[in-house]
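Report on one structure; see the data block that follows.
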There are 2 protein chains.
Amino acid sequence: MTSTPLTRSEAKDLTRRKLIRAALAILDEEGEAGLSTVKVAKAAGIAQSSFYVHFKDMQELLLVLAEEGGARLRASMREARRRARESPGDLDLHRETFRIPLESICRHPELLRIQLRARHDPSSSLRGFATESAAAYREHHAADLAALGYTADDERDRRRLEMIADGINAATNALAMGHLEGRYPDLDEAADILTALSRGALRWLKATSAKPGPAADQAADQAADQAADQAAGPAEGPGSA
Amino acid sequence: MTSTPLTRSEAKDLTRRKLIRAALAILDEEGEAGLSTVKVAKAAGIAQSSFYVHFKDMQELLLVLAEEGGARLRASMREARRRARESPGDLDLHRETFRIPLESICRHPELLRIQLRARHDPSSSLRGFATESAAAYREHHAADLAALGYTADDERDRRRLEMIADGINAATNALAMGHLEGRYPDLDEAADILTALSRGALRWLKATSAKPGPAADQAADQAADQAADQAAGPAEGPGSA
DNA sequence: AATTTCACCGATAGTACTATCGGTGAAATT
DNA sequence: AATTTCACCGATAGTACTATCGGTGAAATT
């Protein structure tokens with residue numbers, strides 16, 4: 001209720017934040033085509049011409065948006081790694097690995113939506129941001145997969161690992177979007193499916209890898225397989241052929 | 001060299017085709033934001049105002065584009081099914097299932113690019129088309145997976161199968177785009193990875209399915225596993241635990 | 001207290017585009 | 001041969017937006 005006496009720079013910064021917030025909301029709701037200095041300024045509660053007190057043009061605002069989006073992304077990835085390290089035991093590790101990114105997307109769905117739109121749009125100012133984000137996610141997933149016991153030795157294996165990470169990443173996005181659209185109510189189920197997909201890929205990767213890898217790795221894999229099978233419920237025995 | 005004496009309606013239809021072609025090219029190269037009656041008409045070699053002889057507005061042209069895209073999509077899916085039926089033996093079936101869509105995408109990459117862009121863009125006139133296409137692809141993949149030996153019995157299993165198809169579909173698109181962008185030179189490798197992903201998912205689906213399914217299904221699965229393992233090279237034995 | 005700074009304002013010139021309108025000439029019809 | 005049709009044209013009114021400019025008043029500085 002009490003009036004808040006802001007200094008001039010504080011007030012300016014507040015207006016700037018309002019502009020950024022308004023732009024993000026419009027970007028998410030109407031897409032990049034819906035963005036205009038008129039709409040953004042009006043939504044932020046200032047005159048259209050005052051937009052230029054804060055940004056050289058819309059392109060500059062989008063750049064700031066992309067930088068902040070990137071920072072939030074990196075933070076959420078750090079957070080994910082931290083949680084993964086603290087994650088309870090071997091049994092949950094694999095599944096946690098996929099549930100964490102899903103949750104992270106669902107906490108800020110607009111980031112992914114904007115990224116997915118801009119990724120292949122030549123007219124988008126955010127294309128660079130989208131491409132970098134996609135690459136970052138890909139690397140993140142590749143590191144996750146590596147943490148699950150597989151390390152690539154030669155170029156072919158590295159490329160394969162990247163492709164798998166790319167595929168899993170795309171599947172993660174698709175399932176998260178499906179969840180947000182209400183098609184897949186249960187995120188845990190989505191995590192299960194990503195786990196199953198990745199286990200198939202890792203199994204194949206190990207089976208066809210240049211170097212079979214030390215026995216320890218294989219033992220770890222077996223353990224993970226067993227754990228997953230147990231967690232899944234009544235298991236089909238892996239081999240009677 | 002000889003002049004081609006076209007009737008009036010033939011000439012009109014030709015111009016219409018030119019407009020559609022020009023719009024598709026601009027849409028692919030510059031995105032939906034780059035489309036304007038000025039550019040499209042100029043690219044088609046007519047005056048801007050003549051655009052309206054053929055279409056009520058740009059929206060109508062985009063609708064026609066979407067319809068034609070949808071038709072091409074359905075045709076390529078029919079073609080894929082035909083080829084899959086004619087496909088040689090059990091060994092290649094699983095792999096063919098994934099190579100065919102990859103090839104189909106790479107033959108008309110602009111269709112997927114446009115679809116991926118429009119899919120989550122509220123401002124896009126093509127959003128409906130993109131959503132329908134995505135659903136069609138999803139169903140296509142779900143049918144493919146079903147053809148590989150799995151049929152869903154209850155609602156949970158059907159939803160799971162849809163999620164897996166969604167994930168595999170997203171991965172297919174991602175790998176195809178990566179191929180087109182030059183990151184993954186070999187489409188066969190991409191098909192291998194999709195195969196591996198789907199085998200993991202199907203394995204899990206069967207292991208956790210409500211009804212374990214008839215023995216025949218399981219036998220077929222075992223055979224597919226063996227075939228894939230043989231094709232893959234020196235196999236890691238499935239179980240020594 | 002006097003002066004300076006500056007965030008914000010309204011007005012507006014300039015740009016890009018859409019969609020309409022009357023005119024034209026060759027094809028089609030009579 | 002005379003008449004009608006119509007695909008296409010140039011001109012233009014209308015719309016939406018960008019980016020600049022001079023003005024204003026309160027905060028900040030002197």
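Each chain gets a letter, A, B and so on, in the order the sequences are listed, and its residues count up from 1. Atom set for the values below is all heavy atoms of this structure, side chains included, hydrogens, waters and symmetry mates excluded.
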Which nucleotide sits closest to the side chain of B/Arg8: D/dC8, D/dT18, C/dA26?
C/dA26
Closest listed nucleotide, where the reference is the side chain of B/Ala47 and the choices are C/dA28, D/dC9, C/dA19:
D/dC9
As its Watson-Crick or G-U partner within any shown strand, both distances under 3.5 Å, C/dT24 has D/dA7
Can you find a side chain N or O atom of A/Thr15 that sits less than 4.0 Å from OP1 or OP2 on C/dC8?
yes
Separation of C/dC17 atom P from B/Met58 atom CE, nearest Å, is 10 Å
Pairing nucleotide - C/dA2, Watson-Crick or G-U, each distance under 3.5 Å:
D/dT29
Separation of atom NZ in A/Lys12 from atom P in D/dA26, rounded to whole Å
20 Å
A/Gln59 CD to D/dA19 P, straight-line distance once rounded to whole Å:
10 Å
When you get a sec, tell me which of D/dG10, D/dT20, D/dT18 is the closest nucleotide to the side chain of A/Ser49?
D/dT20
Using a heavy-atom cut-off of 4.0 Å across all strands, would you classify A/Ser36 as base, sugar-phosphate, or nothing?
sugar-phosphate
For the CG atom of A/Leu62 and the CG atom of A/Leu27, what is their distance to the nearest 0.5 Å?
6.5 Å
Taking the side chain of B/Asp57 as its heavy atoms from C-beta onward, which of C/dA19, C/dC17, D/dC8 lies nearest to it?
C/dA19
For A/Tyr137 and A/Asn173, test the side chains for any donor-to-acceptor distance below 3.5 angstrom and give the result as yes or no.
no
Given salt bridge (Lys or Arg N to Asp or Glu O under 4.0 Å), test B/Arg17 with B/Glu68 step by step and report yes or no.
CA-CA 12 Å; B/Arg17 299 303 321 165; B/Glu68 295 198 355; 2.9 Å; yes
Quick one: B/Leu62 CG to C/dT18 P, roughly how many Å, whole number?
11 Å
Out of D/dC8, C/dC9, D/dA11, whichever nucleotide has its closest atom nearest the side chain of B/Ser50:
D/dC8
When the distance from CD of A/Gln48 to P of D/dA19 is rounded to whole Å, what number comes out?
9 Å
Rounding to an integer number of Å, can you tell me how far A/Glu60 CD sits from D/dA19 P?
11 Å
Suppose we define a pair by two distances each less than 3.5 Å, Watson-Crick or G-U wobble; what does D/dA19 pair with here?
C/dT12
Closest non-hydrogen atoms of B/Ser198 and B/His94, given as atom of the first, atom of the second and distance, are OG-NE2, 2.8 Å
Which nucleotide, C/dC9, D/dC8, C/dT18, lies nearest any side-chain atom of B/Tyr52?
C/dT18
Of the candidates C/dA28, D/dC17, D/dC8, the side chain of A/Lys39 sits closest to D/dC17
Within the pair B/Thr37 and C/dA19, is there a side-chain N or O less than 4.0 Å away from OP1 or OP2?
no
Do A/Ser123 and B/Glu30 have side-chain N/O donor and acceptor atoms under 3.5 Å apart?
no
Could you state the CZ-P distance from B/Phe55 to D/dC8, rounded to the nearest angstrom?
11 Å
